[in-house]
Amino acid sequence: MNKKIRTDAVDHLFDAILCLKNKEECYSFFEDLCTVNELLSLSQRFEVASMLREHKTYLEIADKTGASTATISRVNRSLNYGDDGYELVFGRLQD
């Protein structure tokens with residue numbers, strides 16, 4: 001993991017997220033924490049990652065999600081060279 005993001009503040013945020021118990025609590029917390037655009041951007045990146053794993057083309061992904069090719073490329077780089085966080089979550093979602 002990137003050492004630059006390992007801070008007490010980020011730890012505190014992650015502890016807060018981990019204490020959420022259901023989707024409704026997530027909606028409440030994230031609506032207070034993020035702007036609408038920030039939350040939509042995060043969800044868009046997650047959707048892009050999912051579609052990349054399904055071997056969709058950049059054009060298909062851009063058409064469905066509205067993501068720019070730069071965003072798609074950034075997510076693709078994370079999937080290929082990142083810390084495997086996406087793979088961890090996708091694996092757990094399948095269980």
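As the structure is a prediction and not an experimental result, all values here were calculated from the model.
Remark: Leu20 engages Glu25, Cys26, Phe29, Phe30 in a side-chain contact (heavy atoms from CB on, under 4.5 Å) (not counting sequence neighbours). Looking at residues two or more places apart in sequence or on another chain, you find no salt bridge (Lys or Arg N to Asp or Glu O under 4.0 Å) involving Arg74. Under the salt bridge (Lys or Arg N to Asp or Glu O under 4.0 Å) criterion, Glu31 pairs with no residue at all, not counting sequence neighbours. Under the rule for a side-chain contact (heavy atoms from CB on, under 4.5 Å), the partners of Ser43 that lie at least two apart in sequence or sit in another chain are Leu40.
Rounding to the nearest 0.5 angstrom, the gap separating the CD atom in Gln44 from the CD1 atom in Ile72 is 8.0 Å. Expressed to the nearest 0.5 Å, how far CG of Asp63 lies from NZ of Lys56 amounts to 12.0 Å. Between the NE2 atom of His55 and the CD atom of Glu60 there is a distance of 12.0 Å, given to the nearest 0.5 Å. Here Leu33 contributes atom CG and Leu39 contributes atom CG; the two are 9.0 Å apart, rounded to the nearest 0.5 Å.
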Could you give the side-chain donor-acceptor pairs of residues 87-94 under 3.5 Å, partners two or more places apart or in another chain?
unit_1: Glu87; atom_1: OE1; unit_2: Arg53; atom_2: NE; d: 3.3
unit_1: Glu87; atom_1: OE1; unit_2: Arg53; atom_2: NH2; d: 3.3
unit_1: Glu87; atom_1: OE2; unit_2: Arg53; atom_2: NE; d: 3.1

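Heavy atoms from other residues, nucleotides or ligands lying under 6.0 Å from CG of Asp8 number 12 at most.
Sorted by first then second residue, the side-chain hydrogen bond (donor to acceptor under 3.5 Å, both in side chains) pairs that include residues 11-24, not counting sequence neighbours, number zero.
Thr71 places no side-chain N or O within donor-acceptor distance of the main-chain N or O of Ala67, the cut-off being under 3.5 Å.
Looking at Tyr86 and Ser50, their side chains never come closer than 4.5 Å, going by heavy atoms from C-beta outward.
When every heavy atom of Glu38 is checked against every heavy atom of Thr35, the shortest pair comes out as OE1-N, 2.8 Å.
Only one option out of Val75, Val48, Thr69, Asn76 pairs with Ile61 in a side chain to side chain contact (heavy atoms under 4.5 Å, CB included); it is Val48.
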